[in-house]
Amino acid sequence: MRTDSTLGINFFVRKKRNDPSKYDIYVRITVKKERAEISIKRDIPVCNWDKIRGKAFPINRIMEDLNAYLDTVYGEILNVHRELHMERALITAKLIKARYVGEDEVNHTLLELFEYHNTNMVNTKLI
């Protein structure tokens, strides 16, 4: 099956404002040249980041765990892309980001749930 959408997932870093000896780690999702960036809420010392691979140098257990976490994030984003593809939804970088961070879910208030219940239970009899 031919697809017109392209998916790119890259990890990159930016220097922390309050500590220039560390980087904040971000993931960039690219679909059809449209970008969306997400902070993964992790940081790393400047000397431990491999810019070519987009991962930490695996010099100790902490850096290996960070790389495992990056692989997990990568896999979760791929799963989101697959879910959207299976739903035959329009696939954009912003939609993948929203689904990944949980912003695409519709949350209902308690009042809305009571109103739904009252309107749908009008003709139902309890035995």
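- Taken to the nearest 0.5 Å, the CD1 atom of I91 stands 11.0 Å off from the CD atom of E83.
- Closest non-hydrogen pair, A93 versus A36, comes out as O-CB, 3.6 Å.
- If you take OG1 on T6 and CD on E34, they are separated by 10.5 Å, rounding to the nearest 0.5 Å.
- When side chains are defined from C-beta on, W49 counts as touching K51, because their heavy atoms get closer than 4.5 Å.
- With sequence neighbours excluded, the residues forming a side chain to side chain donor-acceptor pair (under 3.5 Å) with R14 are E37, listed by chain and number.
- Atom OH in Y69 sits 9.5 Å away from atom NZ in K41 (nearest 0.5 Å).
- At a threshold of 4.5 Å between non-hydrogen side-chain atoms, the residues L78 and L7 count as touching.
- Ring geometry for Y74 against F11 counts as tilted: the plane angle lies between 30° and 60°, on a 0 to 90° scale.
- Here the CZ-CG distance, from R99 to N79, works out to 11.5 Å after rounding to the nearest 0.5 Å.
- By the rule that hydrophobic residues join a cluster once side-chain heavy atoms approach within less than 4.5 Å of another member, V13 and I29 end up as members of one cluster.
- Annotation: the span from L66 atom CG to R42 atom CZ amounts to 7.5 Å, rounded to 0.5 Å.
- Clustering ILVMFWY residues whenever any of their side-chain heavy atoms sit less than 4.5 angstrom apart, transitively, puts V101 in the very cluster that holds I40.
- Looking at K16 and D24, a side-chain N of the basic residue comes within less than 4.0 Å of a carboxylate O on the acidic one, giving a salt bridge.
- The two residues L90 and L95 make their nearest non-hydrogen contact at O-CD2, 2.9 Å.
- The two residues Y100 and I38 come nearest to each other via the heavy atoms CD2-CD1, 3.7 Å.
- By the 4.5 Å heavy-atom criterion applied to side chains, F57 and M63 are not counted as neighbours.
- Formation of a donor-acceptor pair under 3.5 Å by the T30 side chain with backbone atoms of K33 is not found in this model.
- When hydrophobic clusters are built by joining Ile, Leu, Val, Met, Phe, Trp and Tyr residues whose side-chain heavy atoms come closer than 4.5 Å, directly or via intermediates, V46 is grouped together with I59.
- The number of heavy-atom neighbours closer than 6.0 Å to CZ of F12, taken from other residues, nucleotides and ligands shown, is above 12.
- Summarising the geometry, atom CD1 belonging to I44 is positioned 5.0 Å from atom CD1 belonging to I25; distances are rounded to the nearest 0.5 Å.
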Please assess V80 against I96 for the test side chain to side chain contact (heavy atoms under 4.5 Å, CB included), listing each intermediate value before the final yes or no.
-> CA-CA 6 Å; V80 167; I96 292 173; 3.9 Å; yes
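- Both L70 and I77 sit in one connected hydrophobic cluster of ILVMFWY residues. Membership requires side-chain heavy atoms under 4.5 Å apart, directly or through other members.
- R35 pairs by the salt bridge (charged side-chain N to carboxylate O under 4.0 Å, His left out) definition with nothing, not counting sequence neighbours.
- Taking the side chain as every heavy atom from C-beta outward, K22 and C47 never approach each other to under 4.5 Å.
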